[in-house]
Amino acid sequence: MKKAAGDDRKRTVGRRGEDIAAAYLVEAGHTVLARNWRTGHLEIDIISMAADGIHFVEVKSRVLPAAAAPEENVGLSKRRRLVAAAARWLASSGMTDTDCVFDVISVVFDGDRYDVRYFPQAFIPLFI
């Protein structure tokens, strides 16, 4: 089956956004532990370590004009998948007693320019 050109563009924008987000976190003092970590059908875009614990980061990238702010697309279902993936990563890494933070980074492209917005502690998983 042939992939649509839109799929390739979306993948390219997503990858570029994740690269920018990872560089942003490193500049902010984080150490990136993993990118695009997968287990089954679950994925975490970026896992990083900072002074306040492990950060599980969802990256949302868009090209202007965007219908909605990228960070608004991290709904309850996505949050639950992130928390489930984080639990699996923590168990596999042996870091189950480490403080965890769930962040969102949005990257909005406007031609060659981009705007990065970081939402630390974007949500607290109360549904565990």
Note to self: Could you go through V74 and F102, starting from their C-alpha distance and side-chain angles, then the distance that decides it, and tell me whether this counts as side chain to side chain contact (heavy atoms under 4.5 Å, CB included)?
What the structure shows: CA-CA 11 Å; V74 184; F102 293 87; over 6 Å; no
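- Expressed to the nearest 0.5 Å, how far CG of L82 lies from CH2 of W89 amounts to 14.0 Å.
- The two residues P120 and D103 make their nearest non-hydrogen contact at CA-OD1, 3.4 Å.
- For the pair R9 and V63, the minimum side-chain heavy-atom distance is below 4.5 Å.
- Within a 6.0 Å sphere centred on CD of E43, other residues, nucleotides and ligands contribute more than 12 heavy atoms.
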Next item on the list: Just do the side chain to side chain contact (heavy atoms under 4.5 Å, CB included) check on D52 and D99 with the steps written out, would you?
Entry: CA-CA 7 Å; D52 60 345; D99 287 337; over 6 Å; no
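- One finds the CG atom of L42 at 13.5 Å from the CZ atom of R80 (value rounded to the nearest 0.5 Å).
- At distances below 3.5 Å, not a single donor-acceptor pair connects side-chain atoms of D45 with backbone N or O atoms of N36.
- Counting only heavy atoms from C-beta outward, the side chains of I46 and Y24 never approach each other to under 4.5 Å.
- In plain terms, the two heavy atoms of V104 and A122 that are nearest each other are CG2-CB, 3.6 Å.
- Scanning all heavy atoms of the two residues, the minimum distance from C100 to L90 falls at SG-CD1, 3.4 Å.
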Checklist line | side chain to side chain contact (heavy atoms under 4.5 Å, CB included) assessment of D110 paired with D115 | finding: CA-CA 8 Å; D110 185 5; D115 179 49; over 6 Å; no
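- A side-chain N or O of S77 and one of R81 form a donor-acceptor pair less than 3.5 Å apart.
- When the side chains of ILVMFWY residues are joined at heavy-atom separations under 4.5 Å, either directly or via intervening members, L33 and V101 end up in two distinct hydrophobic clusters.
- Taking CD from E18 and CZ from R35, the interatomic distance works out to 6.0 Å, rounded to the nearest 0.5 Å.
- Scanning both residues, S61 and G17, for their nearest heavy atoms gives OG-CA, 3.2 Å.
- Side chains of R88 and W37 form a contact here, defined as non-hydrogen atoms less than 4.5 Å apart.
- Here CZ of R16 is found 7.5 Å from OH of Y114. Values are rounded to the nearest 0.5 Å.
- Scanning both residues, A86 and I44, for their nearest heavy atoms gives N-CD1, 3.6 Å.
- The structure places CD1 of I105 at 10.0 Å from NE2 of H55, a figure rounded to the nearest 0.5 Å.
- Taking CD1 of I47 as the reference point, atom CG of L25 lies at 12.0 Å (rounded to 0.5 Å).
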